[in-house]
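First the proteins, then the strands, lettered A, B, ... as listed; each starts at 1. What you see below is based on every heavy atom in this structure, not just the backbone, and it leaves out hydrogens, waters and symmetry mates. No experiment lies behind these values; they were computed from the predicted model shown.
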Amino acid sequence: MQRPSPIGPRGDSIPEHLLEGLNPQQREAVLHRGPALLIVAGAGSGKTKVLTHRIAGLLATREAWPSQILAITFTNKAAAEMRERVGSLVGEESRGMWIRTFHSACVRILRREAEEFGFQQSFTIYDSGDVRALIKRLIKQRGADIQGLTPGGVSSRISMAKNELHDVDSWARTANLENPLDAAFLELWRDYDNELRRANAFDFDDLISQTVFLFRAFPHVAAQYRKRFRHVLVDEYQDTNAAQYALIRELTQPVTRADLPDLRADLPGASLTVVGDSDQSIYAFRGADIRNITDFERDFAGARAILLEQNYRSTQNILSAANAVIGNNFDRREKRLWTDSGDGAKIVGYTGHSGYDEAQFVADEIVELTSGGMAYSDIAVFYRTNAQTRALEEVLIRTAIPYRVIGGTKFYERAEIKDAMAYLITVANPADPLSLRRIMNVPKRGIGPATEAALQAFADEHQITLRDAMRRVDEIALGPKVAAAIKDLAALLDEWSARPEADPGELLRDILSRSGYTDQLRRSTDPQDAARLENVEELVAVTREYRRQNPAGTLIDFLTETALVAAADELDDSGGQVSLMTLHTAKGLEFDAVFITGVEEDLLPHRISANEPGGQAEERRLFYVGITRARQRLHISLAMTRAQFGEVNPAVPSRFLEEIPSELIDWRTPPSTMRPSPQRAVAGRWRDEPREQFVTGFRDPKPLPKAPLKQFANTITEVRDNSGLELAPGDRIRHKDFGEGRVQGVTGAGAKRIAEVLFDAAGRKRLLIKIAPIEKLD
DNA sequence: CTAAGCAAGGTTTTT
DNA sequence: CCTTGCTTAG
């Protein structure tokens, strides 16, 4: 079936280069026109290509102006990639389009319309840490902790409810308030929302739900956006939750003259294109509802569905494993990925004695792959939980393999960065007490908890903000020294707040020096403070870089952007480093070689998921996502013992392993036949060594010259230093764990000298001489 | 008000 | 294991 190209209002049809090289289904997905289109895109089936070519086609035929297109993704990285690829297809024209994440699109709308519904434009966004801190305080205030309410529990419950588009009152109507726990929760939620309102702040979930509420409450506002966006495209649709679904619904409603009087005639709803794969739905815990995609055709009248099954990413062996695994999920639309690019290498399996042994396998294989010409940046290591990075990092450092941890403990979570950010937030949003409290006594000004409580009490009494209370400190009975300190700080903050348009970098520099923050760090004798100083400097560099790329960017713009950065956004493929990340973060990415580690019961599937309805199926999808990230080589590994909470426990091979046909896997050491041997189990002792002997603190052993967001200093200095040790080929050495061996060669220079050693028992290893636990024998 | 020292508790995944 | 909170001494 060869569909003719749609013809635009001026007679333009789609240029051939946009259709070239597309398979029939992809072609159909680009050409189809109608109210609603579902593209079921299996992993690696070219969905981004289809989406971008579809957008380019709409522009080329002049069916749409750029400004009439709204493309929504989940991560900034996906948005950036789409923007770039559309740009390379249509050039300058792509500029007027909205290609944004759900959250950033909503922030933009909310800022524009803030005044309309009683918020200030300068609102800030609370991250999950802020939310927890706030709820914790509220729980304490109400004495609700005795009822067993925890900050984590309350915040996730509020989050879930908001994702279901509930507000306090609608939730109250459905709840059973006889239940004291529910009643207490309700009061906490009410407090929490009031606090947010007073702080002129939103949490993540508000960004979506408040936008929906805004549209519902003000039809003329909604109508403006409906009229503007004639084509709405949504990526990763299987991950949408109820609120996001409602947002899409709102945006694609028809526009009537009742709502927009200056309209000449009523307009039909925007055309909607969604792309997704229910087999890759892994965010149920965040409220994602798989029914949004499975029911799409029933939901949207006149919807058409197109299935993309041909895979352009992986070898057939990898796809066969993926198909076999996901086939164990019942209740799914049958879909079989295939490729015409050949079987490729077998999957490599390995069972280690410990997590360290497993990590050593990963390191050894990486050395093997890279010596075969593969770049570090084409290799990724996945794991289920962030805790698993420890062993991997230690071994990678020892082996001198450059790596980067994506997500996990982030730059913005470090104390000194949070301090600096709190200053910026306080300056941008004077109503926010949370950040103000954080910096009030940092650096030390003698404003302790008692003083803070007095200020807060005064603020509550007069119904003013904490910041206002500081200004009126004269009216509070406090010691002269403390009062002066408060007045000074208030004056400084006000001076900065008066310059909302200033260059964020200049502002930050000014803040750091005049607040005394830098001085405090500089004067300190704590060696970690030197590193903290570097990190703060790094933040200044980040703001500079931000300003360079957004010359008109204000402080509030900068804060918005940093609040919405996701783990996958940090990825920088130019790095020449192996990427370490959770299976969740891996979605949407691809690598030549992939390692999936910790494929054990209670880890994958994770223990907690066992009790949740649909939990096992979701864990299986997670495994499936991991498998399908690999282009050429897939490695699956597990350990017989796993160190958790400081103690070592036996581990059982994952049930998912049996779902992979055995002929697809080449087990170096199969799960069942392994016996603990004293020789190898030695590797487990590594964890007994004090961590300070290695680089502990932060993770990047080899910072890049560029990429300011990503490099920062380690806070703990290395203790071991072998840099004086001279090794030459032929030398005999003894290694703490590997025993004796002979040096084969030495490469690199200075702190990065690497010895290649053939150990008598443990085989060939690479060691970073400077930190390796070795001694030279004569 | 600050610093240090000790006990207890918590650990899935994240926009 | 690591972080956090609480207690105690200055």
Side-chain angles (χ1 to χ4, degrees), chain A residues 72-79 100-107 125-129 131-133 136 140 145 150-153 155-156 159 162-163 202-209 236 239-241 243-244 281-288 355 382-388 390-391 406-410 413 415 441-452 479 481-482 485 526 563-569 581-588 598 602-612 615 618-619 621-623 625-626 642-649 687-688 690-691 696:
Chain A
I72 305 180
T73 63
F74 273 83
T75 66
N76 293 304
K77 180 166 169 68
R100 321 193 127 242
T101 65
F102 270 104
H103 294 271
S104 85
C106 287
V107 169
I125 300 160
Y126 274 24
D127 67 25
S128 25
V131 169
R132 271 179 103 92
K136 193 172 187 177
K140 214 167 183 178
D145 43 346
T150 62
S155 81
S156 82
S159 171
K162 286 185 175 178
N163 284 335
F202 289 108
D203 64 26
F204 272 120
D205 307 304
D206 284 335
L207 296 178
I208 315 286
S209 58
E236 306 280 15
D239 288 333
T240 50
N241 60 33
Q244 288 156 340
S281 163
I282 54 173
Y283 283 111
F285 72 92
R286 207 165 67 190
F382 302 155
Y383 36 83
R384 176 68 234 265
T385 66
N386 280 308
Q388 290 167 252
R390 178 128 302 134
I406 313 294
T409 317
K410 278 180 270 175
E413 282 167 17
N441 202 28
V442 178
K444 302 257 184 302
R445 300 184 174 89
I447 311 176
T451 312
E452 185 195 302
K481 239 173 143 178
V482 182
D526 185 341
L564 299 179
V565 286
D569 300 338
M581 68 189 84
T582 65
L583 285 161
H584 282 88
T585 306
K587 191 162 69 125
D602 292 348
L603 213 46
L604 186 68
H606 196 276
R607 181 171 343 115
I608 294 177
S609 72
N611 308 319
E612 293 165 359
E618 176 139 326
E619 297 287 311
R621 289 194 289 269
L622 202 48
F623 189 37
V625 164
R642 178 85 40 198
Q644 256 178 352
F645 321 138
E647 46 189 83
V648 181
N649 296 307
R687 80 198 141 70
D688 294 331
R691 283 174 50 69
T696 45

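For the pair A:R384 (side chain) and A:L604 (backbone), a donor-acceptor distance under 3.5 Å is absent. The main-chain N or O of A:S609 is never found under 3.5 Å from a side-chain atom of A:E619 such that the two would form a donor-acceptor pair.
Each of A:E619 and A:E452 was assigned the nucleotide of DNA chain B with the nearest heavy atom; the assignment lying further toward the 5' end belongs to A:E452. For A:V482 and A:T101, each mapped to the nucleotide of DNA chain B holding its nearest heavy atom, the one lying further toward the 5' end belongs to A:V482.
Smallest separation of non-hydrogen atoms from A:L622 and A:H584: CD2-CE1, 3.4 Å. Taking all atoms of both residues into account, the shortest heavy-atom contact from A:L564 to A:L207 is CD2-CD1, 4.1 Å. What you find for A:G287 and A:N241 is that their closest heavy atoms are O-CB, 3.1 Å.
Between B:dT14 and A:T582, a contact under 4.0 Å exists linking OP1 or OP2 to a side-chain N or O. Taking only side-chain nitrogens and oxygens, A:R390 comes nearer than 4.0 Å to OP1 or OP2 of C:dC2. For B:dT14, one of the phosphate oxygens OP1 or OP2 lies less than 4.0 angstrom from a side-chain nitrogen or oxygen of A:T585. Applying the 4.0 Å criterion to OP1 and OP2 of B:dT13, one finds that A:N386 has a side-chain N or O inside that range. Contact annotation: A:T451 side-chain N/O to B:dC1 OP1/OP2 distance is under 4.0 Å. An OP1 or OP2 oxygen of C:dG5 is reached within less than 4.0 angstrom by a side-chain nitrogen or oxygen of A:K136.
Checking B:dT12, B:dA3, B:dT14 against every side-chain atom of A:K444, the shortest atom distance belongs to B:dA3. Taking the side chain of A:R286 as heavy atoms from C-beta on, and the options B:dT14, B:dT13, B:dC1, the nearest nucleotide is B:dT14. Side chain of A:A450, nearest nucleotide from B:dC1, B:dT15, B:dT13: B:dC1.
Distance, A:N163 CG to B:dT13 C1': 15 Å, rounded to whole Å. Atom-to-atom, CZ of A:R607 to C1' of B:dG10 comes out at 12 Å; the value is rounded to the nearest Å. We find that NZ of A:K587 is positioned 17 Å from P of B:dT13, with the value rounded to whole Å. Regarding A:I125, its CD1 atom lies at a distance of 14 Å from the P atom of B:dT15, rounded to whole Å. In this entry the distance linking CD1 of A:I72 with P of B:dT15 reads 17 Å, nearest Å. Spacing between atom CG of A:N76 and atom P of B:dT14 amounts to 16 Å, rounded to whole angstrom units. Atom CZ of A:R100 is separated from atom P of B:dT15 by 17 Å (rounded to the nearest Å). In this structure, A:H606 atom NE2 and B:dT11 atom C1' are separated by 8 Å, rounded to whole Å.
Using a 5.5 Å limit on the distance between ring centres and a 30° limit on the angle between planes, the aromatic ring of A:F285 counts as stacked on the six-membered base ring of B:dT13. In this pair, A:F204 lays its aromatic ring flat on the base of B:dT15, centres within 5.5 Å and planes under 30 degrees apart.
Residue contacts shown for A:D239 are absent, as no nucleic acid heavy atom lies under 4.0 Å away. At a threshold of 4.0 angstrom between heavy atoms, the contacts of A:R132 are confined to the sugar-phosphate backbone, with no base atom among them.
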Fill in: salt bridge (Lys or Arg N to Asp or Glu O under 4.0 Å) between A:R642 and A:D602, intermediate numbers included
CA-CA 11 Å; A:R642 178 85 40 198; A:D602 292 348; over 6 Å; no
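Between C:dT4 and B:dT13, the distance separating the two P atoms is 16 Å to the nearest Å.
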